[in-house]
Amino acid sequence: MLKKLVLIDLDKTLVDQNYQITISIEKLHETIRRARSHGLIVGLCSDSSATTLSRIALEYGIEGPIIAERGAMIKIGEEEIRVIPDTVVFPDIRTSFINNYLELMVDDILLVVGDVNQLSREFLSPTFSVRNTTAKTAVLINGSRKASLSFYVLANHNGRWKNDSAMLDEVSSQFITLGSKLAGAWWKDAFIEKNNDYGIGIIHHPNSEKTIALPILQDKFKIDEIWMIGDSMSDLLKQPRIQHAAVANAIPEFKSHCQLVSSQTFTAGVVELLEKLMSFDVKIN
């Protein structure tokens, strides 16, 4: 039996666009347990923080390694590995940004720091209204990231919070300016991702990509085969001996690179793919 490591993407793969699983949690737990009994090591691979992914892994019974923050962090059990040493500066940049706002005491900015992923979705909910604040802009900073930066920027439009691309650009520029003072020469090439649909900005080290974590995992677990289950081109791990699988809702371009494609979407698709991987050994050319 081949020893397989199966890495699962989070957004729009294991969970849907509302961050919900699409099958019962009992069925997901049972599938993960059976996968382990068939020699599959099941882990997560996502741009999210190791803290967020660890909580999700615990909830869903996933005990394998976690690749987080676009490959810049790995978590194996309780051990955390910083893959890119330069990323140690990111928490300092975040702290400097927060302190600048606190010193200015800007009344029209609502600054929130913490695990803000769920909170950002609540802000954008039609039933969430602005009360007891004069703030015109909300900046929600993810405080759990250790090797990157992420932040949501929302604007108050007549008592409702909505995405605002101009304010997202402004806050991104402030982070970029601070980084140029605190980080090394690599900062000028930092990878900056802005998603106006979600009002989120993410800044990564230029060398970060999910594949850089794989040699560490291969050495640690002595793996024969690695599978990546995902939905988009960011889940394509461009290394030899990596196999790819797609949930049904994946984009066509990603599916074209995959050895397996599920007939079902999101969590149900992940379960279907795990069932297939349990049922046969795949030879890698």
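The residues of the chain are indexed from 1 along the displayed sequence.
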Straight-line distance of R160 CZ to L154 CG, nearest 0.5 Å: 14.0 Å

Partner residues of T31 under the side-chain hydrogen bond (donor to acceptor under 3.5 Å, both in side chains) criterion, sequence neighbours left out: none

Donor-acceptor contact below 3.5 Å, side chain N18 vs main chain Q20: no

Atom pair CD1/CG of I41 and L7 - distance to nearest 0.5 Å: 9.5 Å

CD-CG distance between E69 and N142, expressed to the nearest 0.5 angstrom: 8.0 Å

Cluster overlap I56 with V271, hydrophobic side-chain contacts below 4.5 Å: yes

Distance-only donor-acceptor check, side chains D11 and Y19, under 3.5 Å: yes

Shortest non-hydrogen contact between S120 and L140, atoms and distance: CA-CD1, 3.8 Å

Hydrophobic cluster membership, I66 vs I21, 4.5 Å side-chain cutoff: yes

ring-ring contact (aromatic ring centres under 6.0 Å, His included) pairs, two or more places apart, involving residues 162-185: F97-F175, F151-F175

Stepwise side-chain contact (heavy atoms from CB on, under 4.5 Å) test for F191 and I203: CA-CA 6 Å; F191 175 69; I203 304 177; over 6 Å; no

Reference residue L14; test side-chain contact (heavy atoms from CB on, under 4.5 Å); the match among I62, V247, T22: I62

Min side-chain heavy-atom separation L5-P65 under 4.5 Å: yes

Spatial distance of atom CD1 (I176) from atom NZ (K181) [nearest 0.5 Å]: 13.0 Å

Heavy-atom check, side chain of Y101 versus side chain of V113, under 4.5 Å: no

Validation row: V42, R36 side chains within 4.5 angstrom (heavy atoms): no

Worked check of side-chain contact (heavy atoms from CB on, under 4.5 Å) between L53 and K75: CA-CA 9 Å; L53 294 174; K75 188 168 184 182; over 6 Å; no

salt_bridge(K238, E209) N-O dist < 4.0 Å: no

Distance-only polar pair, side chains of S262 and E272, donor-acceptor under 3.5 Å: yes

Sidechain-backbone polar pair: H38 side chain, L40 backbone, donor-acceptor under 3.5 Å: no

E193/R70 ion pair, N-O < 4.0 Å: no

Where A68 and A50 come nearest, the two heavy atoms and their spacing: CB-N, 3.5 Å

Donor on one side chain, acceptor on other, S144 and S49, under 3.5 Å: yes

W227 and L277: CA distance, side-chain angles, deciding distance, side-chain contact (heavy atoms from CB on, under 4.5 Å) verdict: CA-CA 9 Å; W227 282 84; L277 291 174; 3.4 Å; yes

Nearest heavy atoms of M73 and R82, plus distance in Å: SD-CA, 3.7 Å

Within 6.0 angstrom of K276 NZ, more than 12 heavy atoms from elsewhere: yes

Side-chain H-bond candidate by donor/acceptor type, S232 with S234, under 3.5 Å: yes

Nearest atoms (heavy-atom pairs only) where L273 meets A246: CD1-O, 3.6 Å

For the student: nearest non-hydrogen atoms of G201 and L168, plus distance: N-CD1, 3.8 Å

K222 (side chain) donor-acceptor with K3 (main chain) under 3.5 angstrom: no

Backbone of F266 reached by a side-chain donor or acceptor of N249 within 3.5 Å: yes

Atom NZ of K146 with >12 non-hydrogen neighbours under 6.0 angstrom: no

CZ-CD distance between R241 and Q218, expressed to the nearest 0.5 angstrom: 8.0 Å

Any M228 side-chain heavy atom under 4.5 Å of L214 side chain: no

N100 side chain near L178 side chain, heavy-atom distance below 4.5 Å: yes

Presence of salt bridge, R34 and E30, under 4.0 angstrom: yes

Donor-acceptor contact present, side-chain H29 to main-chain E59, <3.5 Å: yes

Residue pair C258 / F254: nearest heavy atoms and the distance that separates them: SG-O, 3.2 Å

For Y152, the option from N163, N117, N195 that meets side chain to side chain donor-acceptor pair (under 3.5 Å): N117

Geometric cation-pi criterion R145 and F90, 6.0 Å radius, 45° cone: no

Residue pair V153, D164: steps toward the side-chain contact (heavy atoms from CB on, under 4.5 Å) verdict: CA-CA 7 Å; V153 181; D164 189 306; 5.6 Å; no

Joint cluster assignment, V261 & L236, ILVMFWY side-chain distance < 4.5 Å: no

Hydrophobic cluster identity match, I202 and Y198, side-chain contacts under 4.5 Å: yes

Heavy-atom side-chain proximity of Q239 to P215 below 4.5 angstrom: yes

Atom CD of E253: over 12 foreign heavy atoms under 6.0 Å: no

Residue among I229, D235, L237 satisfying side-chain contact (heavy atoms from CB on, under 4.5 Å) with H244: L237

Single-linkage hydrophobic cluster L182~I141, side-chain heavy atoms < 4.5 angstrom: yes

Straight-line distance of K136 NZ to L110 CG, nearest 0.5 Å: 14.5 Å

Set of ring pair (Phe, Tyr, Trp, His ring centres under 6.0 Å) partners for Y60, sequence neighbours left out: none

